[in-house]
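Before any comments, here is the structure.
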Amino acid sequence: MPVRFYNTKTRNKDILQPQTEGHIKLYVCGITAYDYCHIGHARSALAFDMIVRYLRYRGFEVTYIRNFTDIDDKIINRAQETGATSEELAERFIAAFHEDMERLDVKSPTLEPKATEHVDEIIAMIQTLINKGFAYQAEGDVYYMVDKFENYGQLSGRNLEDMQAGARITVNEEKRNPMDFALWKSSKPGEPTWDSPWGPGRPGWHIECSAMSRRYLGDSFDIHGGGKDLIFPHHENEIAQSEAATGQSFADAWIHHGFVTIKDEKMSKSLGNFLTIREVLEDYEPEVLRLFVFSTHYRNPLDYSSAAMQDATAGLDRLYTCLAEIEGHTGTGSDDAKSVASQKDVDTIGLLPERFQKAMDNDFNTAQALGHIFESVKVLNKITQALPTEPASKDLLLLKQGAETITELADIIGVLKKDPISYINEKKQQLLKDANLSSDAIEQMISERTEARNQKNWARSDEIRDELLAKGIDLKDGPEGTTWKVK
RNA sequence: GGCGGCGUAGCCAAGUGGCUAAGGCAGCGGUCUGCAAAACCGUUAUUCACCGGUUCGACUCCGGUCGCCGCCUCCA
């Protein structure tokens with residue numbers, strides 16, 4: 001079965017067929033480094049991280065380029081506000097981005113090129129566009145002539161007439177067509193500047209991606225990705241620039257992910273309804289954020305709320321609890337004992353990799369893939385639960401294999417990286433700290449309660465249990481004594 | 001106005017032209033327990049926004065209506 005994914009260009013789920021057998025060339029638009037990243041940026045990074053992990057799992061070699069926009073109006077403005085240089089500001093937020101990515105366990109792309117390090121390539125490409133008659137100079141700026149490019153608007157499904165009728169276009173006397181966009185902008189005093197044949201200035205936004213993707217992936221490559229908001233104008237403009245300059249077809253396929261919303265509105269800087277990655281990670285485990293992100297298909301909107309994050313937390317706990325229970329069974333079991341697993345159980349576990357792959361092959365359907373994992377967890381829990389004191393070695397083996405498979409597949413989603421028992425313990429310690437309780441104090445209360453229970457003093461026993469429960473401590477009476485966990 | 005998408009149980013969320021409409025969270029009943037908790041088992045949509053059409057058969061395809069969201073300006 002081939003991998004299929006939705007291609008914005010064809011509006012169809014196409015079969016993945018790289019230009020070079022077994023090798024995928026992927027370019028993704030990264031961030032503009034002028035502020036801390038919010039969870040919308042996190043979703044973008046996570047979505048492509050998952051896609052790359054999966055494609056590698058499927059045996060492809062992936063060259064993954066994700067750029068940084070480190071020169072831009074927003075950076076210049078923010079730098080001036082804070083008294084830093086644009087370069088310093090960009091460096092600072094690139095470093096912050098890397099910290100965030102590391103905490104989210106997002107694997108590094110093959111390369112992370114920066115616009116400012118590719119000005120030569122950018123200038124060369126602009127010159128080519130001028131020479132070929134696709135661009136013109138005006139007062140130290142250079143603009144791209146959209147009506148010279150035959151297929152302009154094809155990716156986003158628009159045409160120039162409609163867009164101009166829509167009319168929210170800034171008036172600019174220098175442009176021949178209001179839809180023309182800047183390839184090169186002359187610099188004002190105090191702004192970062194590079195020499196060019198058209199005078200001192202800096203690159204426009206769109207051209208950097210055309211120049212950098214060409215430098216590292218060639219004129220034509222397999223997949224170009226980014227957020228849905230980049231389809232127009234950014235990606236439309238990239239196509240126009242690159243195809244006009246090279247005469248080759250640009251990216252074969254385009255992958256665009258959906259937005260993170262809050263109360264069903266797009267999270268964005270301008271609306272002010274955003275949460276930074278670091279803010280969210282103060283309250284939740286990185287893996288909780290991952291599970292939350294991948295519980296919905298990557299092209300759909302993802303609505304952030306504390307309720308949704310608590311759901312994800314409960315889900316992650318369920319996964320780790322299952323693995324920890326299995327890890328707790330250390331023996332090898334008996335060959336004579338009767339198996340408690342049914343053939344159906346064995347099949348469910350055995351077919352997991354196949355079903356997981358089928359879901360992922362279908363446009364990286366992580367929500368469905370996770371569903372299959374949870375189904376297996378249910379089966380494993382059932383078996384763990386039914387295990388007698390002297391379990392069958394066959395069953396223990398099935399449990400171990402099931403846990404191993406789940407851990408391996410979950411790695412594509414980027415969860416279940418921790419040791420399950422440590423995860424449970426760490427979580428316990430953290431919650432204890434929050435509840436301002438020590439293990440010793442709890443143990444002491446438990447022994448007092450055990451004594452009360454031995455005397456069948458249920459009133460006192462329940463009193464202690466309720467007291468702890470009020471502080472979020474659940475007691476669990478088992479055959480080997482009382483254990484506790486934080487709720 | 002143009003373009004695109006979405007509307008599935010209390011909430012989140014997959015899915016398919018006909019086989020039981022996954023899974024998670026929450027709830028309820030049960031097993032277990034002195035009572036609980038955890039775990040497990042069972043249960044919660046005869047129905048997939050609404051109205052028509054195509055079809056032997058549609059939630060899935062087509063048309064329309066309503067509602068929500070996004071892009072068309074910087075945006076992941």
Side-chain angles (χ1 to χ4, degrees), chain A residues 8 11 28-32 34 37-48 69 72-74 77 153 156-159 161-170 179 205 225-234 236 256-261 264-271 274 291-292 295-297 299-303 305 307-308 310-316 318-319 321-322 325 355 359 362 365-379 381-386 453 456-459 461-462 465-466 468-469 473-479 482-485 487:
Chain A
T8 310
R11 291 161 203 247
V28 174
C29 291
I31 58 156
T32 299
Y34 76 107
C37 286
H38 58 60
I39 50 180
H41 299 111
R43 184 186 197 185
S44 180
L46 288 169
F48 288 106
T69 297
D72 151 282
D73 289 350
K74 288 195 295 289
N77 292 340
S156 54
R158 330 166 173 232
N159 59 61
E161 294 80 64
D162 289 344
M163 285 188 278
Q164 283 164 49
R168 260 206 291 177
I169 299 156
T170 11
M179 294 305 295
W205 174 37
K228 275 185 166 160
D229 47 2
L230 298 184
I231 296 172
F232 190 89
H234 186 54
E236 200 70 72
H256 292 101
H257 64 259
F259 306 125
V260 177
T261 59
D264 294 326
E265 273 194 329
K266 182 184 171 188
M267 180 177 288
S268 72
K269 289 277 156 76
S270 45
L271 283 171
F274 64 90
L291 198 63
F292 163 67
S295 65
T296 298
H297 184 88
R299 283 190 287 114
N300 289 343
L302 176 68
D303 201 49
S305 66
Q310 276 156 27
D311 276 10
T313 305
L316 190 66
R318 181 175 168 82
L319 296 173
T321 303
C322 170
E325 287 289 326
R355 297 206 296 157
N362 182 15
N365 194 334
T366 54
Q368 190 174 39
L370 279 167
H372 296 324
I373 287 183
F374 275 105
E375 228 172 316
S376 296
V377 163
K378 190 176 220 164
V379 170
N381 282 341
K382 195 174 83 180
I383 295 168
T384 309
Q385 178 69 19
R453 292 180 76 223
K456 299 210 189 300
N457 183 353
W458 307 126
S461 160
D462 288 354
R465 191 182 62 213
D466 292 345
L468 283 171
L469 191 63
I473 307 298
D474 273 340
L475 297 185
K476 174 179 172 181
D477 296 327
T482 302
T483 57
W484 55 274
K485 64 176 280 182
K487 212 170 186 172

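Every chain is numbered from 1 and lettered A, B, ... according to where its sequence line falls, protein lines coming before strand lines. The model shown is predicted, which means the values in this text are computed figures rather than measured ones.
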Open item on the list: For a quick test of reading the model, state the closest non-hydrogen atom pair linking R453(A) to S461(A) and the distance between them.
Closed with: CG-OG, 3.3 Å

- [ ] Assign G226(A) to base, sugar-phosphate, or nothing according to its heavy-atom contacts below 4.0 angstrom with the strands shown.
- [x] sugar-phosphate

- [ ] Remember a base hit wins even if backbone is also touched, and classify V28(A) as base, sugar-phosphate or nothing at under 4.0 Å, heavy atoms.
- [x] nothing

Open item on the list: Going by side-chain hydrogen bond (donor to acceptor under 3.5 Å, both in side chains), name the residues that satisfy it together with N365(A), two or more places apart in sequence or in a different chain.
Closed with: none

- [ ] Could you check which of A39(B), C71(B), G15(B) has an atom nearest any side-chain atom of N362(A)?
- [x] G15(B)

- [ ] Using a heavy-atom cut-off of under 4.0 Å over every strand shown, decide if G153(A) touches base, sugar-phosphate, or nothing.
- [x] nothing

- [ ] For E325(A) and for L271(A), locate the closest nucleotide of RNA chain B by heavy-atom distance; then report the residue assigned to the nucleotide nearer the 5' terminus.
- [x] E325(A)

Task: Rounded distance (Å) that lies between atom C1' of A76(B) and atom NE2 of H38(A) - done: 7 Å

- [ ] Extract the stems that RNA chain B is part of, considering only consecutive pairing runs of at least three Watson-Crick or G-U wobble pairs, both distances under 3.5 Å.
- [x] B:1-7 with B:66-72, B:10-12 with B:23-25, B:27-31 with B:39-43, B:49-53 with B:61-65

Open item on the list: So, using ring pair (Phe, Tyr, Trp, His ring centres under 6.0 Å) as the criterion, who are the partners of H297(A) when residues are at least two apart?
Closed with: none

Open item on the list: Counting the atoms with a prime plus P, OP1 and OP2 as sugar-phosphate, which does D466(A) contact under 4.0 Å by heavy atoms, base, sugar-phosphate, or nothing?
Closed with: nothing

Open item on the list: What's H234(A) touching, base or sugar-phosphate or nothing? Going by heavy atoms closer than 4.0 Å.
Closed with: nothing

Between the protein and nucleotides 23-27 of chain B, which nitrogen or oxygen pairs come in under 3.5 angstrom?
| unit_1 | atom_1 | unit_2 | atom_2 | d |
| --- | --- | --- | --- | --- |
| G24(B) | OP1 | R318(A) | NH2 | 3.3 |
| G24(B) | N2 | D311(A) | OD2 | 3.3 |
| C25(B) | O2' | D311(A) | OD1 | 2.6 |

- [ ] Please state how far atom CD1 in I231(A) lies from atom C1' in U73(B), giving the value in whole angstrom units.
- [x] 16 Å

Open item on the list: Just to verify, what does H41(A) make a ring pair (Phe, Tyr, Trp, His ring centres under 6.0 Å) with, not counting sequence neighbours?
Closed with: H38(A)

- [ ] Examine C3(B): is either OP1 or OP2 under 4.0 Å from a nitrogen or oxygen in the side chain of N159(A)? Give yes or no.
- [x] no

- [ ] Using a 4.0 Å heavy-atom cut-off across all strands, classify K269(A) as base, sugar-phosphate, or nothing.
- [x] nothing

Open item on the list: Measure NE2/H297(A) against P/A14(B) and give the value in whole Å, please.
Closed with: 8 Å

Open item on the list: So, using side-chain hydrogen bond (donor to acceptor under 3.5 Å, both in side chains) as the criterion, who are the partners of S156(A) when residues are at least two apart?
Closed with: R158(A), E236(A)

Open item on the list: Using whole Å, what does the distance between atom P of nucleotide G1(B) and atom CD of E161(A) come to?
Closed with: 19 Å

Open item on the list: In whole Å, measure the gap between the P atoms of A21(B) and A49(B) for me.
Closed with: 16 Å

- [ ] Could you tell me whether N300(A) contacts a base, only the sugar-phosphate backbone, or nothing, with contacts defined as non-hydrogen atoms closer than 4.0 Å?
- [x] sugar-phosphate

Task: Partner set under side-chain hydrogen bond (donor to acceptor under 3.5 Å, both in side chains) for K382(A), not counting sequence neighbours - done: D345(A)

- [ ] Could I get the full list of salt bridge (charged side-chain N to carboxylate O under 4.0 Å, His left out) partners for D73(A), not counting sequence neighbours?
- [x] K185(A), R202(A)

Open item on the list: In this structure, how many angstroms lie between the C1' atom of C3(B) and the CZ atom of R11(A), rounded?
Closed with: 8 Å

TODO: Have a look at R43(A) and say if it touches a base, only the backbone sugar-phosphate, or nothing, with a 4.0 Å heavy-atom cut-off.
DONE: nothing

Open item on the list: If you compare every side-chain N and O of N381(A) against the phosphate oxygens of A39(B) (OP1, OP2), does one of them come in below 4.0 Å?
Closed with: no

TODO: Please name all residues satisfying salt bridge (charged side-chain N to carboxylate O under 4.0 Å, His left out) with D462(A), sequence neighbours left out, ordered by chain then number.
DONE: R465(A)

Open item on the list: If I take atom CZ in residue F259(A) and atom C1' in nucleotide G4(B), what distance separates them, rounded to the nearest angstrom?
Closed with: 11 Å

Task: side chain to side chain contact (heavy atoms under 4.5 Å, CB included) partners for S268(A), two or more places apart - done: S270(A), L271(A), N273(A)

Open item on the list: List the residues meeting side chain to side chain contact (heavy atoms under 4.5 Å, CB included) with Q310(A), not counting sequence neighbours, and say none if there are none.
Closed with: Y284(A), S306(A)

Report all interatomic pairs (protein N or O, nucleotide N or O of nucleotides 29-36 of chain B) with separations under 3.5 Å.
| unit_1 | atom_1 | unit_2 | atom_2 | d |
| --- | --- | --- | --- | --- |
| G34(B) | N7 | R453(A) | NH2 | 3.3 |
| G34(B) | O6 | R449(A) | NH2 | 3.2 |
| G34(B) | O6 | R453(A) | NE | 3.2 |
| G34(B) | O6 | S461(A) | OG | 3.2 |
| G34(B) | N1 | D462(A) | OD1 | 2.9 |
| G34(B) | N2 | D462(A) | OD1 | 3.2 |
| G34(B) | N2 | D462(A) | OD2 | 2.8 |
| C35(B) | O2 | R465(A) | NH1 | 2.8 |
| C35(B) | O2 | R465(A) | NH2 | 2.4 |
| C35(B) | N3 | R465(A) | NH1 | 2.2 |
| C35(B) | N4 | D477(A) | OD2 | 2.7 |
| A36(B) | N6 | D477(A) | N | 3.4 |
| A36(B) | N6 | D477(A) | O | 3.3 |
| A36(B) | N1 | L475(A) | O | 3.4 |
| A36(B) | N1 | D477(A) | N | 3.0 |

- [ ] Identify whether any heavy atom of H257(A) sits under 4.0 Å from a base atom; if not, whether one sits that close to sugar-phosphate; answer base, sugar-phosphate or nothing.
- [x] base

